[in-house]
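Written below as structure tokens is the structure these notes are about.
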Amino acid sequence: MAVDLLLGLQWGDEGKGKIVDVLTKNYDVIARFQGGPNAGHTLEFDGIKHVLHTIPSGIFHDNAINLVGNGVVIDPVIFKKELDNLAKFDLDYKSKLLISRKAHLILPTHRLLDAASEASKGKAKIGSTLKGIGPTYMDKTGRNGIRVGDLEMDNWEEKYRALANKHQAMIDFYKAEIEFDLAEMEAQFFEAIEVLKELTFIDSEEYLFQAQKEGKSILAEGAQGSLLDIDFGTYPYVTSSNTTAAGACTGLGVAPSRIKEVFGIFKAYTTRVGSGPFPTELFDSYGETMGRVGREFGATTGRPRRCGWLDLVALKYAVQVNGVTQLMMMKGDVLSGFDKLKICTAYKYKGEDIAHLPYNIERENVQPVYTELKGWKEDLTTMRDPSEFPQELNDYIDFLEKELEVPIKIVSVGPDRTQTIHR
Ligand code: GDP
Ligand code: IMO
Ligand code: MG
């Protein structure tokens, strides 16, 4: 059977976790393909909010195996915390959580390198979550990394020590003023490694290959968003992995010809956390309302998210790069009560209106050109069927479908599992 993909089309936090949880009942395997604990995926049901960082968002269902793929980077300390949280809910995760031997490990010194690198950049800092993501992927592509499979070898601690020593010299090079207690960080790390070792490590590409042969259905879960992609995002203000559709092939070992549906998730407006260009960013009461009503605070770092109008130029680009076949619009409820809604349909760039994303989208280069639609007053959060939608919301959806040329199949009207409307 084919593999479906689910990924974010903006700068992350689109609501991927919620939708993976909603869709899991239709799948046998949920597989995370990239990123690490820089992600924060929120699920809400039965009045409880769960935030997952590395563990796939299908973990609360009994029918599915949850796989952490080779493209993911794992911090054992954060992973252990996630497991401890699951244990509180009496969840038998051991029988349904698998980890790829080829996934790379985030070491304590990777986190320190992240902090030192950011501190040295001053105003030009990326606004990283400081989880060690960049340095870990650097060691992966530099062919120095330590992988989950290494934990099954006798000499892995020697490899660890050699790499950590090299990192310490690199940290010294930055001369950054960061405070840390490496001995304490390492103690936590080695304790967490023992917990990780109790889980099942597998050759995940082979597992997924067999699962496909047996007719099992697989959903690949992305992290971050398309505009944070290392190649196609707003470089250098991006993360260090391929967040777009191709990342699922390399991050899981699934052949491109096996991919069927590509579910693209976007918010009805735009948010971004961390630094970097954001053409439709708002600094007025509309932006303030989005942030307040949408509770726009990072699920990993708690930082306030920057808010702005929906950017169709950027969204179209993401739809194209990913080959999106179905769209899901999140957080429409947050826009209830807005007297007007603006959608950026072009950029003014070097005196001309352009409808594609140019190389540089810094504010001084591009000014958004907006189309204005009427807002709706109705509260959407109690609605459960598209027939209840106000006309203005239908107009908003129709406008987007026409522009993007892809159907919007799900409209989400609140954080809870039940606040999900299929069209
Ligand atoms: P992810 O990283 O893509 O999984 O998204 P996050 O969990 O970081 O951020 C999405 C936030 O919006 C979470 O707090 C969700 O509970 C919440 N959320 C998801 N869908 C909706 C929705 O339709 N309406 C509202 N109001 N909140 C939503
Ligand atoms: P989810 O999966 C939103 C952002 C950071 C920073 C940049 C680089 O929850 O959507 P990194 O820690 O990777 O070095 O940070 O990317 N970022 C995210 N923003 N959601 C995320 O994940 C993010 N993961 C990283 O804020 O700007
Ligand atoms: Mg998030």
Side-chain angles (χ1 to χ4, degrees), residues 4-23 41-44 57 222 225-227 261-272 280 286 289-290 293-296 305 307-320 322-338 340-345 370-376 378-423:
D4 294 337
L5 294 189
L6 181 142
L7 34 82
L9 299 180
Q10 296 160 317
W11 278 290
D13 305 327
E14 296 89 351
K16 298 174 291 291
K18 168 179 167 165
I19 296 297
V20 170
D21 172 61
V22 167
L23 296 181
H41 294 181
T42 314
L43 289 62
E44 272 191 52
S57 302
S226 301
L227 301 173
E261 298 297 333
V262 180
F263 304 124
I265 304 214
F266 68 100
K267 279 180 194 170
Y269 49 99
T270 311
T271 64
R272 169 162 211 172
T280 62
Y286 289 101
T289 306
M290 289 168 186
V293 179
R295 301 205 189 118
E296 296 295 356
R305 296 178 183 141
C307 297
W309 297 117
L310 188 63
D311 184 341
L312 258 188
V313 180
L315 197 54
K316 250 184 214 171
Y317 177 77
V319 165
Q320 284 167 4
N322 291 304
V324 171
T325 61
Q326 297 186 30
L327 287 163
M328 292 153 182
M329 187 176 92
M330 313 300 288
K331 302 191 100 160
D333 54 296
V334 174
L335 299 181
S336 291
F338 278 53
K340 63 176 181 195
L341 297 169
K342 290 203 203 179
I343 299 176
C344 167
T345 47
Y370 289 112
T371 295
E372 205 173 294
L373 299 186
K374 251 182 95 179
W376 55 86
E378 292 81 351
D379 173 17
L380 309 182
T381 57
T382 54
M383 295 184 184
R384 294 295 176 268
D385 191 273
S387 62
E388 298 172 74
F389 286 171
Q391 187 53 45
E392 295 85 352
L393 173 59
N394 282 328
D395 292 345
Y396 196 78
I397 292 170
D398 288 348
F399 184 84
L400 298 182
E401 283 189 329
K402 215 167 131 244
E403 289 284 323
L404 296 167
E405 299 178 88
V406 181
I408 297 178
K409 291 287 202 179
I410 285 181
V411 176
S412 173
V413 293
D416 194 85
R417 230 185 224 173
T418 58
Q419 292 171 307
T420 312
I421 301 178
H422 296 262
R423 293 173 82 234

Grab the two heavy atoms, one from Pro390 and one from Leu380, that are nearest each other, plus how far apart they are. CD-CD2, 3.9 Å
Please tell me if the side chains of Val319 and Leu327 come closer than 4.5 Å, counting only heavy atoms from C-beta onward. yes
Passes side chain to side chain donor-acceptor pair (under 3.5 Å), Thr280 versus Lys342? Steps please. CA-CA 10 Å; Thr280 62; Lys342 290 203 203 179; over 6 Å; no
Is there a donor-acceptor pair closer than 3.5 Å between any side-chain N or O of Gln10 and the backbone N or O of Tyr269? yes
Scan Met290, Glu296, Met329 and name whichever one has a side-chain contact (heavy atoms from CB on, under 4.5 Å) with Lys267. Glu296
Main-chain N/O of Cys307 paired with Thr271 side-chain donor or acceptor, under 3.5 Å: no
What's the separation between atom OG1 in Thr345 and atom NZ in Lys316, rounded to the nearest 0.5 Å? 8.0 Å
For Phe266 and Ile408, what are the C-alpha separation, side-chain angles and deciding distance, and is it a side chain to side chain contact (heavy atoms under 4.5 Å, CB included)? CA-CA 10 Å; Phe266 68 100; Ile408 297 178; 4.0 Å; yes
Judged by atom type as modelled, is there a donor-acceptor pair below 3.5 Å linking the side chain of Glu388 to the main-chain atoms of Pro386? no
For His41 and Gly222, the nearest pair of non-hydrogen atoms, with its separation, is CE1-O, 3.4 Å
With side chain to side chain contact (heavy atoms under 4.5 Å, CB included) as the criterion, how do Arg384 and Val413 come out once you've worked through the C-alpha distance, each side chain's angles and the decisive distance to 0.1 Å? CA-CA 9 Å; Arg384 294 295 176 268; Val413 293; 4.2 Å; yes
Exercise: identify the closest heavy-atom pair between Ser57 and Leu43: O-CD2, 3.5 Å
Quick one: closest heavy-atom pair of Ser226 and Gly8, and the distance? OG-O, 2.8 Å
Taking side chain as C-beta onward, heavy atoms only, is Leu373 less than 4.5 Å from Glu392? no
Report, as yes or no, whether the 6.0 Å neighbourhood of atom CD on Glu405 holds more than 12 heavy atoms from other residues, nucleotides or ligands. no
Among Asp416, Thr420, Thr42, which residue meets the side-chain hydrogen bond (donor to acceptor under 3.5 Å, both in side chains) test with Lys18? Thr420
Has Lys402 got more than 12 heavy atoms of other residues, nucleotides or ligands less than 6.0 Å from its NZ? no
Which heavy atom in Ala318 sits nearest to a heavy atom in Val324, and how many Å separate them? O-CG2, 4.4 Å
Heavy-atom pair of closest approach, residues Thr270 and Asp311: OG1-N, 3.5 Å
Can you measure from CD (Gln419) to OG1 (Thr381) and round to the nearest 0.5 angstrom? 6.0 Å
Euclidean distance, Arg295 CZ relative to Arg305 CZ, rounded to 0.5 Å: 12.0 Å
Could you grab the distance from atom CG of Leu312 to atom OG1 of Thr371, nearest 0.5 Å is fine? 8.0 Å
Between Ile19 and Phe263, is the side chain to side chain contact (heavy atoms under 4.5 Å, CB included) condition met? List the steps. CA-CA 10 Å; Ile19 296 297; Phe263 304 124; over 6 Å; no
Checking salt bridge (charged side-chain N to carboxylate O under 4.0 Å, His left out) for the pair Asp395/Lys374: CA distance, chi angles, key distance, verdict? CA-CA 9 Å; Asp395 292 345; Lys374 251 182 95 179; over 6 Å; no
ring-ring contact (aromatic ring centres under 6.0 Å, His included) partners for Tyr396, two or more places apart: Trp376
Assess whether salt bridge (charged side-chain N to carboxylate O under 4.0 Å, His left out) is satisfied between Lys409 and Glu261, documenting all intermediate values. CA-CA 12 Å; Lys409 291 287 202 179; Glu261 298 297 333; over 6 Å; no
Output the distance between atom OG1 (Thr382) and atom CG (Asp333), rounded to the nearest 0.5 Å. 10.5 Å
Quick check: do Glu403 and Ile343 have side-chain heavy atoms less than 4.5 Å from each other? no
Just wondering, do Lys331 and Ser412 contact through their side chains at under 4.5 Å, heavy atoms? no
Residues that Tyr286 engages under ring-ring contact (aromatic ring centres under 6.0 Å, His included), provided they are two or more places apart: Trp309, Phe338
Output for pair (Asp13 CG, Met330 CE), nearest 0.5 Å, gives 11.5 Å
Dump the intermediate steps for side chain to side chain contact (heavy atoms under 4.5 Å, CB included) on Leu7 and Leu9, then the final yes or no. CA-CA 7 Å; Leu7 34 82; Leu9 299 180; 4.0 Å; yes
